[in-house]
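Take a look at the structure set out below.
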There are 2 protein chains.
Amino acid sequence: MNKPLKIRKNAELRKPEILRSFYQTIIDEGLEGASIGKVARRMNIHPSLIMHYFSTKENMMTELVDYIINEYGDLLKNVSVHHDEPHERIHQLLDVLWSDEWYRKTDVSADFSMLSVSFRHEKVNRRFRHLYAQFGKFLAKELRRFMDAGIISAGDPDITAEVLVSLIEGYRHFKHFYVDSDSSERFRQEMKRAVLNMLGYRPKQAGAG
Amino acid sequence: MNKPLKIRKNAELRKPEILRSFYQTIIDEGLEGASIGKVARRMNIHPSLIMHYFSTKENMMTELVDYIINEYGDLLKNVSVHHDEPHERIHQLLDVLWSDEWYRKTDVSADFSMLSVSFRHEKVNRRFRHLYAQFGKFLAKELRRFMDAGIISAGDPDITAEVLVSLIEGYRHFKHFYVDSDSSERFRQEMKRAVLNMLGYRPKQAGAG
DNA sequence: CGCAATGAATTGAACATTCAGTTAATTAAG
DNA sequence: CTTAATTAACTGAATGTTCAATTCATTGCG
């Protein structure tokens, strides 16, 4: 009889695997309910294996934040806004930023826990600041493009970008309180409308000017 | 010699006292670090006294959410927007909503933890929904007032109110990432400006119309 | 072989909770 | 007014469990 051999993985595979399980445990039971033991049980490995890779739980948490933030960063790099025509582009951009894919890339519940940690944990705080700075830079670049094309009339694009980030995060903040999909979709539409208003967007004229 | 008598308090005094200590412990050490033992130590009482009043930790948490939400509700009831002249009023309202007092009424870090809990905990979720509904109703009433006066041109005041709530929470979400007071104040000003734009606010004409 | 991956066994502290008992305040009866 | 009975506030000890972490042994791959 062939005993089911355990497959040995290297750190490069195992560490992210553990982090993903840790993340899933936080989603299911909250940060306060995510112990090393539970993560190990979920993976059918020994708790000490987790300690082997991360030394301390705090380490594991910091690395988890890195992991999540990288995921989010990837999202930023791969934003697919193709249109060059500014009117098309701004609508496509907003559609992406308020898309389900964007919303679901990370788990909002777990993100809240991590944001809470960022108040007490300098390393985590720094990582979030970096992420949001990246995000702001990306948006500011887009805003400048729209301003150059003369289709919006916002003020300083860098600050406006930050306000925009607030709106996007505020949306993530609230979305889950809208239970039925109708009101959820209406909320989404209204958010887009609000952003366009906020930016002083001038729609394309249908016929003459 | 008079031995320092322990003061006996009744439930009406003791329970909120415990809740406040629980809240402070969450602020200091996170929800994941807020144990009954730590709360008791902070108060110089015995852990079992906490159990006496709340039976379970989960109970205590639900009652904490009630407590916080009541605090926030009080804030709503006591909003001091006195001006009747609509232009003055809208500026005063925004100043209140983006004031330091408003921001500091509850602790954002602890709020994040509770919001995270609301994803898994039906009772907590319901309470948050109620709070935000209250908030939305309050804002919608104000919006209607401004629309009637013809100084803004928003759409459905109820939905616009919800977008506004998102913006306010998004602001709370971000404020703590702005470390120096200069950029923090600039961010605040820009948020107000964004809201006025969003609402289609038409400023008072200085001279003729 | 050598080293990384993994597992077992165990530590001591902290955890929420229970329970039995004590102390103080309140009420009612004498 | 005094005192006994009742109730609520509170304490202390002990419960079994889970926690993160350590130490040391074993296994398998290159």
Side-chain angles (χ1 to χ4, degrees), chain A residues 1-26 28-65 113 117 120-121 123-124, chain B residues 1-26 28-65 113 117 120-121 123-124:
Chain A
M1 60 172 176
N2 30 10
K3 186 163 58 161
L5 275 201
K6 291 254 172 173
I7 300 142
R8 292 205 169 201
K9 307 176 180 179
N10 56 23
E12 204 182 334
L13 291 173
R14 198 54 121 174
K15 286 187 76 172
E17 193 187 340
I18 294 174
L19 289 179
R20 279 192 299 270
S21 293
F22 184 33
Y23 193 57
Q24 196 55 50
T25 310
I26 293 174
D28 291 347
E29 318 204 32
L31 182 59
E32 69 278 11
S35 66
I36 290 180
K38 282 181 189 164
V39 176
R41 219 171 303 140
R42 180 186 286 266
M43 300 179 71
N44 286 313
I45 60 168
H46 206 275
S48 57
L49 184 57
I50 295 178
M51 298 308 292
H52 168 68
Y53 282 115
F54 297 99
S55 305
T56 68
K57 195 186 181 185
E58 190 182 292
N59 255 335
M60 179 163 62
M61 210 189 53
T62 323
E63 294 206 28
L64 175 62
V65 174
S113 288
V117 171
R120 281 161 273 118
H121 198 298
K123 275 188 184 175
V124 175
Chain B
M1 60 172 177
N2 30 11
K3 184 163 58 158
L5 275 201
K6 287 248 172 175
I7 299 141
R8 290 202 168 205
K9 307 178 179 180
N10 56 21
E12 206 181 334
L13 291 173
R14 196 55 119 174
K15 286 186 76 172
E17 192 189 349
I18 293 174
L19 289 179
R20 279 192 297 271
S21 292
F22 185 33
Y23 193 58
Q24 196 55 51
T25 310
I26 293 174
D28 290 348
E29 318 203 32
L31 182 58
E32 69 278 11
S35 68
I36 291 180
K38 282 183 190 164
V39 176
R41 216 171 306 141
R42 182 186 287 265
M43 300 179 70
N44 285 315
I45 60 169
H46 205 272
S48 57
L49 184 58
I50 295 179
M51 298 308 293
H52 169 69
Y53 282 115
F54 296 100
S55 304
T56 66
K57 195 186 180 183
E58 190 181 294
N59 254 336
M60 179 164 61
M61 210 188 53
T62 324
E63 294 207 28
L64 175 62
V65 174
S113 288
V117 171
R120 281 160 274 119
H121 200 298
K123 275 188 184 174
V124 175

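Below, all heavy atoms of this structure are taken into account, side chains as well, without hydrogens, waters or symmetry copies. Letters go in sequence order (proteins before strands), and every chain restarts at 1.
Remark: P of C:dA5 and CZ of A:Phe54 are 12 Å apart, rounded to the nearest angstrom. Summarising the geometry, the separation between CE on A:Met60 and P on D:dA21 is reported as 9 Å, rounded to the nearest angstrom. Following rounding to the nearest Å, A:Ile18 (CD1) and D:dA20 (C1') show an atom-to-atom distance of 15 Å. In this structure, B:Met51 atom CE and C:dG21 atom P are separated by 20 Å, rounded to whole Å. We find that CE of A:Met43 is positioned 13 Å from P of C:dA5, with the value rounded to whole Å. Rounding to whole angstrom units, CD of residue A:Glu58 and C1' of D:dC19 are separated by 16 Å. Distance A:Glu32 CD to C:dA16 P: 12 Å, rounded to the nearest Å. Put simply, CD1 on A:Ile50 is 14 Å from C1' on C:dA5, counting in whole angstrom units.
Using a 4.0 Å heavy-atom distance criterion, B:Ile36 is classed as a sugar-phosphate-only contact. As judged by a 4.0 angstrom heavy-atom cut-off over every strand, B:Lys15 is placed among residues making no nucleic acid contact. B:Ser48 comes within 4.0 angstrom of a nucleotide base, judged by non-hydrogen atoms across all strands.
Side-chain contact between B:Glu32 and A:Val117 is present, with at least one heavy-atom pair separated by less than 4.5 Å. Side-chain contact between A:Asp28 and B:Arg120 is absent, with no heavy atoms from C-beta onward closer than 4.5 Å.
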Salt bridge (Lys or Arg N to Asp or Glu O under 4.0 Å) between B:Arg14 and B:Glu17: does it pass, once the steps are laid out? CA-CA 5 Å; B:Arg14 196 55 119 174; B:Glu17 192 189 349; 3.1 Å; yes
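In this model, the phosphate group of D:dA8 is not approached by any side-chain N or O of B:Arg14 to a distance below 4.0 Å at OP1 or OP2. For the pair B:His46 and D:dC10, the criterion of a side-chain N or O lying under 4.0 Å from OP1 or OP2 is not met. Neither OP1 nor OP2 of C:dA14 sits under 4.0 Å from any side-chain N or O of B:Arg41. A close approach under 4.0 Å does occur between a side-chain nitrogen or oxygen of A:Tyr53 and OP1 or OP2 of C:dT6. Side-chain nitrogen and oxygen atoms of B:Ser35 include none within less than 4.0 Å of the OP1 or OP2 phosphate oxygen of C:dA14.
Side chain of B:Thr56 to backbone of B:Asn59: a donor-acceptor contact under 3.5 angstrom is found.
Of the candidates C:dT6, D:dA20, C:dC15, the closest approach to any side-chain atom of A:His52 belongs to C:dT6.
A pairwise comparison of heavy atoms in B:Pro47 and B:Ile36 identifies O-CG2, 3.9 Å as the closest pair.
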